[in-house]
Amino acid sequence: MKKVFKYLNPLSHLGDRYYSWIFPFVANLVLCICSEVYAYSIAKNPMAVGVYIIFLNVAFIIYFAFREGIVGGFISTGVTIAYYFYIIYTRHYSGSQYTSGIDTTIILAILYFIIAFIIGTLKQQIDRLIDIQSDERKRLEAIIQQLPTGVIITDNTGTVTHINKQINKILGLKIPIGFKIGTDNITKVKINGDAIDPTQASTIYALTKGKSITGRDLLFERKDGTLAYLQVSSAPITNKKHKIIAAASIITDITQQKELERQKDDFLSMASHELKTPITSLKMFIDLQDKQIIEKDAKKVKYFNERIRDQANRLKELTNDLLDVSRIQTGKLAFNKEAFDIAEIVTDTVEGLQATTKRHKIEVESELKQIVQGDRYRIYQVLVNLLSNAIKYSPQGEKIIVRVKKIKQNVVVSVQDFGIGIEKSQQDKIFDRLYQVTDPEEKTFPGLGLGLYISKEIIERHKGKLWVESAKGKGSTFYFSLPITSKKGNI
Ligand code: ADP
């Protein structure tokens with residue numbers, strides 16, 4: 001409305017500061033001039049305007065006080081009173097019959113100013129309330145938009161009044177303001193696999209039953225067919241008279257959480273299985289060893305002792321891996337820093353692992369001495385991981401080649417096998433915690449999917465890189481680089 005007035009007002013270009021007093025001033029002046037012209041030129045009687053002008057003046061004062069506040073009201077009153085004094089002066093001294101005195105005019109002036117003041121103050125209060133309300137609305141809107149979860153607020157009919165952009169992202173569709181929840185099944189929402197009736201939506205429940213719903217888990221099918229696990233909470237909003245006037249719903253995408261829970265469950269069953277295998281073997285070999293107390297076959301005793309040692313080592317490796325993962329997660333994986341020859345560690349590790357396999361021949365192609373800074377034991381651990389994977393994942397393969405090369409300021413160690421290989425799409429994922437490439441047609445290999453995750457963390461903490469080049473069915477080459485001159489910097 002104010003915009004329309006501004007448009008009609010020829011002085012609006014002067015801005016609000018002038019607008020509030022110039023417009024009432026000019027309008028009142030025009031009114032006074034019109035009444036004078038009417039009295040003298042049309043009615044030809046100075047008294048013709050008389051009482052009628054008073055109504056118009058009061059109407060103008062009320063109008064401008066309400067439109068422009070106290071300033072507008074006072075300007076209108078000022079011009080009006082000045083005109084009254086002008087009438088008294090001209091009519092009185094020109095010898096007319098005009099008898100209205102100064103006292104009446106002063107009383108009228110006081111009355112007008114009081115009217116202007118009351119209405120002007122009222123108008124300012126209303127403006128202030130409107131401003132507060134619009135500030136509140138803006139603040140609420142900003143808060144809603146900033147929330148990391150999806151928020152929908154509806155009125156008491158379930159019509160959306162506020163919605164944030166997170167909702168669109170979570171649901172993969174745009175719900176417009178004004179959309180009535182529960183009237184249309186725009187989405188396929190399921191609880192425990194059964195599609196739910198849209199009228200049973202949490203918002204509608206909150207509005208009709210007047211009760212809150214907290215943490216309702218839903219399986220939601222987006223338009224593109226992807227599934228999302230959502231958690232919905234809805235609460236009715238009541239006024240002072242306890243009448244439900246709106247409902248607020250919060251929607252959180254818990255798909256990742258669910259996936260983590262699933263991974264944890266899988267991990268627990270896998271870890272218990274992995275731990276159970278060496279424990280069962282240990283028990284079996286100890287039982288067999290018991291027999292040797294009677295049989296006293298030294299060869300068998302030695303053989304069973306070796307197997308017991310193998311299984312105990314396997315248990316140690318598994319528990320160490322589990323401990324390392326929890327150290328990485330809590331930021332407590334500690335490193336000792338020293339200078340050592342990586343070529344020497346490679347040769348030692350190969351020697352150790354060669355003893356564990358008869359099928360494979362591990363070859364080393366190493367350049368000179370390469371001194372790096374870091375934790376000797378942890379780098380040894382990475383090499384053991386890569387080499388034991390090379391052995392494990394090349395059940396048919398015979399050769400494994402380990403290379404040590406200096407490339408610019410880095411030493412690059414690679415472990416090449418000619419085993420099952422890894423598909424391109426899986427090559428990034430194998431470094432993730434618990435990730436294992438599973439192919440139902442392939443033989444499943446023992447392991448927890450932790451070795452590469454731990455190795456990557458160790459190498460990156462040494463400011464190096466760990467990566468893979470592989471072709472499915474042909475074999476894989478795992479590389480890691482370490483800076484040669486990493487004298488400074490913490491690991
Ligand atoms: P684990 O071997 O205990 O499963 P890793 O973290 O060492 O865990 O390896 C993760 C996954 O990467 C393995 O499950 C396997 O699918 C794949 N992988 C690792 N090394 C090789 C390799 N040399 N050849 C083929 N696949 C490999």
Side-chain angles (χ1 to χ4, degrees), residues 222 224-229 253 255-274 277 314 317-318 320-322 324-326 328-329 333 353 357 359-360 362 379 381-403 412-462 464-482:
R222 296 194 183 97
D224 62 6
T226 53
L227 292 174
Y229 282 98
D253 188 345
T255 314
Q256 258 187 341
Q257 233 165 291
K258 285 267 178 197
E259 178 58 20
L260 276 176
E261 270 170 35
R262 193 191 60 75
Q263 277 185 6
K264 257 188 197 159
D265 290 348
D266 286 357
F267 173 72
L268 268 180
S269 66
M270 215 162 62
S272 19
H273 178 77
E274 285 292 312
T277 313
R314 178 73 196 129
E317 275 165 25
L318 282 170
N320 276 350
D321 275 2
L322 291 172
D324 279 350
V325 170
S326 103
I328 291 173
Q329 305 274 277
L333 190 68
L353 283 222
T357 172
R359 179 182 281 276
H360 302 84
I362 312 176
I379 299 299
Q381 188 183 346
V382 173
L383 274 163
V384 170
N385 267 332
L386 298 185
L387 272 164
S388 43
N389 275 353
I391 295 170
K392 182 164 66 171
Y393 296 106
S394 59
Q396 311 299 328
E398 294 192 340
K399 197 162 58 167
I400 290 167
I401 309 168
V402 184
R403 296 182 181 89
V412 177
V413 179
S414 62
V415 178
Q416 184 177 15
D417 67 60
F418 301 89
I420 61 168
I422 306 156
E423 248 173 52
K424 193 121 199 100
S425 59
Q426 310 275 356
Q427 288 176 13
D428 277 347
K429 297 182 195 158
I430 54 171
F431 299 100
D432 291 349
R433 190 168 54 116
L434 303 178
Y435 193 85
Q436 291 184 300
V437 181
T438 44
D439 189 337
E441 282 169 32
E442 257 169 26
K443 172 187 173 323
T444 38
F445 298 93
L448 288 174
L450 297 176
L452 289 178
Y453 168 74
I454 297 170
S455 302
K456 195 169 164 64
E457 175 76 14
I458 293 173
I459 295 298
E460 283 177 358
R461 290 276 299 275
H462 280 79
K465 273 189 191 141
L466 174 63
W467 71 100
V468 65
E469 280 170 12
S470 182
K472 180 111 178 107
K474 290 193 174 148
S476 317
T477 310
F478 280 84
Y479 298 85
F480 71 84
S481 67
L482 289 174

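Counting only N and O atoms by type, the side chains of Q381 and N320 include no donor and acceptor under 3.5 Å apart.
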L452 and N389: CA distance, side-chain angles, deciding distance, side chain to side chain contact (heavy atoms under 4.5 Å, CB included) verdict: CA-CA 9 Å; L452 289 178; N389 275 353; 4.0 Å; yes
Side chain to side chain contact (heavy atoms under 4.5 Å, CB included) between F478 and V382: does it pass, once the steps are laid out? CA-CA 11 Å; F478 280 84; V382 173; over 6 Å; no
Between R314 and E317, does the salt bridge (charged side-chain N to carboxylate O under 4.0 Å, His left out) criterion hold? Intermediate values first, please. CA-CA 5 Å; R314 178 73 196 129; E317 275 165 25; 3.3 Å; yes
Could you give me the CA-CA distance, side-chain angles and deciding distance for L383 and V413, then say whether side chain to side chain contact (heavy atoms under 4.5 Å, CB included) is met? CA-CA 9 Å; L383 274 163; V413 179; 4.0 Å; yes
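D253 is linked by a side chain to side chain contact (heavy atoms under 4.5 Å, CB included) to I170, R222, A228, L230, T255, counting only residues two or more places apart in sequence or in another chain. Judged as a side chain to side chain contact (heavy atoms under 4.5 Å, CB included), and not counting sequence neighbours, the contacts of I401 are E363, E365, K399, R403, Q416, F418. With sequence neighbours left out, Y229 forms a side-chain hydrogen bond (donor to acceptor under 3.5 Å, both in side chains) with no residue at all. Taking R262 as the reference, E259, D266 meet the salt bridge (Lys or Arg N to Asp or Glu O under 4.0 Å) condition, with sequence neighbours excluded. Applying the side chain to side chain contact (heavy atoms under 4.5 Å, CB included) rule to D265 yields no partners; only residues at least two apart in sequence or on another chain are considered. Looking at residues two or more places apart in sequence or on another chain, you find a side chain to side chain contact (heavy atoms under 4.5 Å, CB included) between Q329 and V325, R433, Y453. With sequence neighbours left out, E469 forms a side-chain hydrogen bond (donor to acceptor under 3.5 Å, both in side chains) with Y479. Residues satisfying the side-chain hydrogen bond (donor to acceptor under 3.5 Å, both in side chains) test with Q436, not counting sequence neighbours, are none. By the side-chain hydrogen bond (donor to acceptor under 3.5 Å, both in side chains) test, N385 pairs with S455, sequence neighbours left out.
Summarising the geometry of D417 relative to A390, their closest heavy-atom pair is OD2-CA, 3.6 Å, with the distance given to 0.1 Å. Minimum interatomic distance between L353 and S388 (heavy atoms only, all atoms of both residues): CD1-N, 3.6 Å. Between I420 and P395, the shortest heavy-atom contact is CG2-CD, 4.3 Å. Between S481 and I459, the shortest heavy-atom contact is O-CG2, 3.8 Å. When all heavy atoms of Y393 and P446 are compared, the closest pair comes out as OH-O, 4.3 Å. Shown here for A271 and L448, the closest heavy-atom pair between the two residues is CA-CD2, 3.6 Å.
Within the 3.5 Å criterion, the main-chain N or O of I379 finds no donor-acceptor partner in the side chain of H462.
Atom CD1 of I454 sits about 5.5 Å away from atom CD1 of I328, to the nearest 0.5 Å. One finds the CZ atom of F480 at 10.0 Å from the CD1 atom of I458 (value rounded to the nearest 0.5 Å). Rounding to the nearest 0.5 Å places CD1 of I400 at 6.5 Å from CG of L387. For the atom pair CG of L450 and CE of M270, the computed distance is 7.0 Å after rounding to the nearest 0.5 Å. I391 contributes atom CD1, which lies 12.0 Å from atom CZ of R359 (distance to the nearest 0.5 angstrom).
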Can you give me every donor-acceptor pair (side chain of residues 425-432, partner residue at least two apart or in another chain, under 3.5 Å) with its distance?
| from | atom 1 | to | atom 2 | distance (Å) |
| --- | --- | --- | --- | --- |
| Q426 | OE1 | Y435 | OH | 2.2 |
| Q427 | NE2 | I422 | O | 3.0 |
| Q427 | NE2 | S470 | O | 3.0 |

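Residue pairs satisfying the salt bridge (charged side-chain N to carboxylate O under 4.0 Å, His left out) criterion with at least one member in residues 388-397, sequence neighbours excluded, are absent. The stretch residues 447-460 participates, sequence neighbours left out, in these salt bridge (charged side-chain N to carboxylate O under 4.0 Å, His left out) pairs: K456-E460, E457-R461.
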